[in-house]
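As structure tokens, the structure follows; a few thoughts come after it.
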Amino acid sequence: EKDDEYARELLSKAMCVGSSVSDRRSKEGRNFFDGYLCHVAAYTSCLSSDQVREHCHAAKQSRQPQADRLYSLATLKFSKALKLAPDDPIVLAKYAQNLCNYLNFDVADRSGDRKSKRKVNKAIKEFTKYQNCDGLAEILRRLPADPEYADLACTC
């Protein structure tokens with residue numbers, strides 16, 4: 001019960017990330033992180049390295065199906081748009097951005113089977129088949145700077 005009370009008290013306080021050592025000039029300290037955080041989890045005790053690894057793995061696993069679904073939906077829409085306007089620079093840029101964002105998601109998840117890489121390769125083959133140089137250029141421009149994807153640049 002005392003732990004619950006302590007946890008509720010902690011939840012009501014503002015959280016600061018960074019140095020909290022006070023000095024003569026500042027009661028609250030200085031060198032705090034000034035920015036935005038995403039996907040934050042707070043615990044009342046220190047986590048072991050195994051617990052941190054499990055937490056990160058669980059977060060990635062829960063996002064993968066949603067990312068796959070959204071990517072598939074976007075790909076269908078872009079395919080239809082490209083049939084109507086194959087040289088539209090806005091459609092090409094957004095399609096390449098969608099493909100490469102999916103690659104970036106895959107880069108973050110090193111355990112993945114690289115479905116995204118196969119899908120980008122398929123898009124490159126489609127652009128090559130229809131001799132759509134602008135589409136190929138957009139994909140090249142947006143490929144992640146990761147050596148693992150160098151072969152995609154060579155495919156173009």
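Values in this document were obtained by computation on a predicted structure and should not be read as measured data.
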[X] [atom1] to [Y] [atom2] distance, which is reported to the nearest 0.5 Å:
| X | Y | atom1 | atom2 | result |
| --- | --- | --- | --- | --- |
| Asn98 | Thr75 | CG | OG1 | 5.5 Å |
| Gln97 | Leu99 | CD | CG | 10.5 Å |
| Glu54 | Ser49 | CD | OG | 10.0 Å |
| Leu92 | Arg141 | CG | CZ | 10.0 Å |

Are more than 12 heavy atoms from other residues, nucleotides or ligands located less than 6.0 Å from atom CD1 of Ile90?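 12 or below, so no.
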Please indicate whether Lys119 has more than 12 foreign heavy atoms, meaning atoms of other residues, nucleotides or ligands, lying under 6.0 Å from its NZ. yes
Nearest heavy-atom pair of [X] and [Y]: which atoms, and what distance?
| X | Y | answer |
| --- | --- | --- |
| Ala93 | Arg142 | O-NE, 3.5 Å |
| Cys100 | Leu143 | SG-N, 3.7 Å |
| Gln51 | Ser48 | OE1-N, 2.8 Å |

Just by distance, do the side chain of Asn132 and the backbone of Pro86 share a donor-acceptor pair under 3.5 Å?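 A pair under 3.5 Å: yes.
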Sub-4.5 Å side-chain heavy-atom contact between Ile124 and Ile139: yes
Please report the C-alpha distance between Lys117 and Leu152 in whole Å, then the side-chain angles of each, then the deciding distance to 0.1 Å, and finally whether the side chain to side chain contact (heavy atoms under 4.5 Å, CB included) criterion is met. CA-CA 8 Å; Lys117 190 173 176 180; Leu152 289 174; 4.0 Å; yes
Hey, what else clusters with Leu47 if you join Ile, Leu, Val, Met, Phe, Trp, Tyr whenever side-chain heavy atoms sit under 4.5 Å?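 Once heavy-atom contacts under 4.5 Å are chained together, Leu47 belongs with Tyr43, Val52.
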Who are the salt bridge (Lys or Arg N to Asp or Glu O under 4.0 Å) partners of Glu5, not counting sequence neighbours? none
Taking only residues two or more places apart in sequence or in another chain, which ones pass ring pair (Phe, Tyr, Trp, His ring centres under 6.0 Å) with Tyr95?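 By the ring pair (Phe, Tyr, Trp, His ring centres under 6.0 Å) rule, Tyr95 matches Phe78, Phe127.
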